[in-house]
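Pasting a structure here, questions to come.
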Amino acid sequence: MKNLKFKSAKSAMLALVAAVALSACGTGNSSSGIIGAGSSFDNPLFSKMFSVYHDSTKIQVNYQSVGSGAGISQLTHKTIDFGASDAPMNEEQMKAVQGDVLHIPVTAGAVVVSYNLPGFTETLRFTPEIVAAMFLGKIKKWNDPLIAAANPDVKLPTTDLVVAHRSDGSGTTAIFTSYLAKVSPDWLSKVGTGTSVNWPIGLGGKGNEGVSGLIKQTPGCVGYIELAYAIQNHMSYAIIQNKAGNYITPSIQSVTAAADIEIPADGKVLLTNTEAATGYPIAGFSWVLIYKEQNYNNRTQEQATQLLQLVNWMIHSGQQYSSKLDYAPLSKAAVSTGEAILKSATYNGRPILK
């Protein structure tokens with residue numbers, strides 16, 4: 001009976017929180033602050049950015065780390081001011097929204113292949129073939145010949161290999177599966193790419209937080225998470241062979257090398273399996289998503305201006321916090337593209353930022 005009462009109370013509380021969020025977005029009350037949701041990939045960086053922004057402007061930013069897919073869903077239903085995603089919205093998602101959605105590049109980061117082998121202190125090297133075979137369920141033990149061939153001087157454990165993956169719609173998954181589809185025809189034909197896929201094998205965790213937890217709690221586990229989560233949680237992660245044949249450690253420098261490309265006018269571009277000789281191959285941009293026309297759901301021009309000023313600050317002054325948290329600061333080209341995209345946002349058809 002106590003459990004039932006607890007569940008009922010919890011459900012009521014969740015409903016109240018949802019109602020408050022909906023109310024805050026739809027009433028045009030600028031005192032409610034700015035509400036965003038989406039990418040867990042971005043959460044460590046956003047937490048720092050929004051804390052600093054509040055200190056200097058007194059504007060509260062409430063960001064929910066719920067995964068890129070959930071963020072896009074909430075933006076589609078206009079219950080938040082902005083979404084955040086590590087994958088550009090696909091054609092189906094764009095058709096579902098009422099109005100144009102802008103994609104502003106806000107950071108770039110690495111997705112690492114992290115593992116938990118108790119008592120094992122070596123840093124492993126993985127080829128693209130190894131990574132694909134693991135997540136296809138073809139590798140059952142950590143001393144598999146494929147892994148041994150790439151790590152000839154390492155005594156590998158005989159531990160069973162357990163796969164962890166995201167259970168929610170995830171931009172991190174979109175980056176990771178984009179990479180696998182580019183390096184493995186088998187993966188492309190059997191699984192494909194996207195924010196959600198039908199995994200051939202493994203345990204599912206919600207968010208980068210959930211997958212990190214699974215890896216840490218499960219001996220022999222391997223999974224994919226954002227670099228900042230691996231570093232902050234003192235987790236092991238592999239060096240990955242890139243397209244040029246070089247083994248690359250995920251880092252700010254190797255992500256910056258991967259991101260040093262021409263940015264299209266709409267800001268949408270993938271970085272996986274980079275051609276750069278020193279670039280880390282499982283990397284990607286993350287985007288803030290906002291409606292181009294900001295006059296909707298009784299929003300005021302003040303709300304729209306506050307939102308755009310926040311995002312503009314994020315791609316300029318906010319970038320100084322990237323490196324310390326293991327994200328790659330935006331290139332000049334990415335910042336320039338972001339500026340142009342922000343200036344296209346309107347209120348009643350008129351540009352908000354000059």
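Fair warning: this is a prediction, and the values are worked out from it, not measured in the lab.
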Problem set entry | In one Ile/Leu/Val/Met/Phe/Trp/Tyr side-chain cluster, 4.5 Å: Y280, Y247 |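 Hydrophobic grouping puts Y280 apart from Y247.
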For this session: Could I get the full list of ring pair (Phe, Tyr, Trp, His ring centres under 6.0 Å) partners for Y291, not counting sequence neighbours?
Result: Y296
Problem set entry | Basic-acidic side-chain contact under 4.0 Å: D160, K141 | yes
For this session: Give a yes or no on whether the backbone of I215 and the side-chain of T218 come within a donor-acceptor separation of less than 3.5 Å.
Result: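 Not a single qualifying donor-acceptor pair exists.
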Problem set entry | Between N246 and T278: side-chain donor-acceptor atoms closer than 3.5 Å |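 T278 and N246 do not have a side-chain donor-acceptor pair below 3.5 Å.
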Problem set entry | Trace of the side chain to side chain contact (heavy atoms under 4.5 Å, CB included) decision for V311 with F82 | CA-CA 9 Å; V311 181; F82 71 92; 5.6 Å; no
Exercise. Does some side-chain heavy atom of S114 sit less than 4.5 Å from a side-chain heavy atom of V222?
Worked result: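 SC-SC contact between V222 and S114 ruled out.
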Exercise. Are V255 and M314 linked, directly or through other ILVMFWY residues, by side chains that come within less than 4.5 angstrom of each other?
Worked result: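 No, V255 and M314 fall in different hydrophobic clusters.
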Exercise. Out of curiosity, does I239 fall in the hydrophobic cluster containing V112 (side-chain heavy atoms, cut-off under 4.5 Å, transitive links)?
Worked result: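 The answer is no; the residues belong to distinct hydrophobic clusters.
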Exercise. Out of K216, K206, R166, which residue meets the side-chain contact (heavy atoms from CB on, under 4.5 Å) rule with V211?
Worked result: R166
Seminar exercise, completed: Nearest heavy-atom contact between L310 and V61 is CD2-CG2, 4.0 Å
Exercise. OG1/T159 to NZ/K140 distance, rounded to the nearest 0.5 angstrom?
Worked result: 16.0 Å
Exercise. Are any side-chain N or O atoms of N62 and backbone N or O atoms of I34, one a donor and one an acceptor, separated by less than 3.5 Å?
Worked result: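 A pair under 3.5 Å: no.
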Exercise. Salt bridge between D81 and R299, side-chain N to carboxylate O under 4.0 Å?
Worked result: yes
For this session: Take atom NZ of K48 as the centre, draw a 6.0 Å sphere, and report whether it contains more than 12 heavy atoms from other residues, nucleotides or ligands.
Result: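 Open: at most 12 neighbouring heavy atoms sit under 6.0 Å from NZ of K48.
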Seminar exercise, completed: Residues pairing under ring-ring contact (aromatic ring centres under 6.0 Å, His included) where one sits in residues 117-161, two or more places apart or in two chains, turn out to be Y115-W142, F135-F176
Exercise. Does T256 offer a backbone N or O that forms a donor-acceptor pair with the side chain of D260 under 3.5 Å?
Worked result: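 No, D260 side chain to T256 backbone: no donor-acceptor pair under 3.5 Å.
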Exercise. Quick one: CH2 on W287 to OG1 on T107, what's the gap to the nearest 0.5 Å?
Worked result: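 Separation between the atoms: 11.5 Å.
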Problem set entry | P281 to Q241 - nearest heavy-atom pair and separation | CG-O, 4.0 Å
Problem set entry | Verdict with reasoning, N143 to T158, per side chain to side chain donor-acceptor pair (under 3.5 Å) | CA-CA 5 Å; N143 62 343; T158 59; 5.6 Å; no
Exercise. Do E226 and T172 have side-chain atoms, one donor and one acceptor, less than 3.5 Å apart?
Worked result: no
Problem set entry | Salt-bridge criterion met for E91 and K95 (N-O under 4.0 Å) |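 Salt bridge present between E91 and K95.
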For this session: State whether the side chain of Q320 and the backbone N or O of S317 hold a donor-acceptor pair below 3.5 Å, judged by distance alone.
Result: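 Here the side-chain-to-backbone pair exists.
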Problem set entry | Flag side-chain contact, heavy atom, 4.5 Å: D186 against L136 | yes
Exercise. Step by step, would you call K138 with D144 a salt bridge (charged side-chain N to carboxylate O under 4.0 Å, His left out)?
Worked result: CA-CA 10 Å; K138 293 182 176 181; D144 185 274; over 6 Å; no
Exercise. Do F285 and I263 have side chains that get closer than 4.5 Å, going by heavy atoms?
Worked result: yes
Problem set entry | Flag if over 12 foreign heavy atoms under 6.0 Å of CD, Q98 | no
Exercise. Between atom OG of S331 and atom CD1 of I261, what is the distance when rounded to the nearest 0.5 Å?
Worked result: 8.5 Å
Exercise. Would you say D42 and S65 make side-chain contact, with heavy atoms under 4.5 Å?
Worked result: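 No, side chains not in contact.
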For this session: Indicate yes or no for a side-chain donor-acceptor contact from H103 to the backbone of M89 under 3.5 Å, with no hydrogens or angles considered.
Result: yes
Problem set entry | Under 3.5 Å donor-acceptor, T272 side chain and I175 backbone | no
Problem set entry | Exercise: do D86 and S39 side chains pair donor with acceptor under 3.5 Å |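 Yes.
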For this session: Given side chain to side chain donor-acceptor pair (under 3.5 Å), test Y224 with T173 step by step and report yes or no.
Result: CA-CA 8 Å; Y224 60 96; T173 296; 2.6 Å; yes
Problem set entry | Candidate pair I240 and I248, rule side chain to side chain contact (heavy atoms under 4.5 Å, CB included), full reasoning | CA-CA 5 Å; I240 307 294; I248 305 295; 6.0 Å; no
Problem set entry | Straight-line distance of I252 CD1 to L227 CG, nearest 0.5 Å | 8.0 Å
Seminar exercise, completed: Nearest heavy-atom contact between S323 and P329 is OG-CG, 3.4 Å
Problem set entry | By ring pair (Phe, Tyr, Trp, His ring centres under 6.0 Å) - contacts of Y321 (at least two apart) | none
Exercise. Do S170 and T195 meet the criterion of a side-chain donor-acceptor pair at a distance under 3.5 Å?
Worked result: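 No, no side-chain donor-acceptor pair sits under 3.5 Å.
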Exercise. Shortest non-hydrogen contact from A110 to P250?
Worked result: CB-CB, 4.0 Å
Problem set entry | Path from L203 to V191 over hydrophobic side-chain contacts below 4.5 Å |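 In one cluster: no.
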Problem set entry | Note, L117 side chain near S236 side chain (heavy atom, < 4.5 Å) | no
Exercise. If Ile, Leu, Val, Met, Phe, Trp and Tyr residues are connected whenever their side-chain heavy atoms lie under 4.5 Å apart, and connections chain through other members, are V66 and L214 in the same group?
Worked result: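 Cluster IDs for V66 and L214 differ.
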For this session: Could you check I139 against I130 for side chain to side chain contact (heavy atoms under 4.5 Å, CB included), going step by step and ending with a plain yes or no?
Result: CA-CA 8 Å; I139 293 179; I130 290 171; 4.3 Å; yes
Exercise. Just wondering, do I72 and L289 contact through their side chains at under 4.5 Å, heavy atoms?
Worked result: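 Counting from C-beta outward, L289 and I72 do come under 4.5 Å.
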Exercise. Is there a donor-acceptor pair under 3.5 Å between the side chain of S184 and the backbone N or O of A181?
Worked result: no
Problem set entry | M134 vs I147 side-chain heavy atoms within contact, under 4.5 Å |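 Counting from C-beta outward, M134 and I147 do come under 4.5 Å.
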Exercise. Under the 3.5 angstrom rule, does the side chain of T274 hit a backbone N or O of L271 as a donor-acceptor pair?
Worked result: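 Checking the backbone N and O of L271 against the side chain of T274, no donor-acceptor pair under 3.5 Å is found.
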For this session: For the pair K332 and S336, evaluate side chain to side chain contact (heavy atoms under 4.5 Å, CB included) and give the outcome as yes or no after the intermediate values.
Result: CA-CA 6 Å; K332 289 182 179 179; S336 178; over 6 Å; no
For this session: Look up atom NZ in K343 and atom CG in L308, then write down how far apart they are to the nearest 0.5 Å.
Result: 11.5 Å
Exercise. Under 3.5 Å, is there a donor-acceptor pair between the side chain of E293 and the main chain of N348?
Worked result: yes
Exercise. Side-chain contact, heavy-atom cut-off 4.5 Å: L188 with L180?
Worked result: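 SC-SC contact between L188 and L180 ruled out.
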Exercise. Of the non-hydrogen atoms in A276 and N242, which two are nearest, and what is the gap between them?
Worked result: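 Looking at all heavy atoms of both residues, the shortest contact is O-ND2, 3.5 Å.
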Problem set entry | Derivation of the side chain to side chain donor-acceptor pair (under 3.5 Å) call for S251 and S254 | CA-CA 5 Å; S251 66; S254 59; 3.1 Å; yes
Exercise. Is there a donor-acceptor contact under 3.5 Å from the side chain of Q319 to the main chain of V106?
Worked result: yes
Problem set entry | Neighbour count >12 (heavy atoms, 6.0 Å) for atom CG, N198 | no
For this session: Return the minimal non-hydrogen interatomic distance between A87 and A174, and the atom names on each side.
Result: CB-CB, 3.4 Å
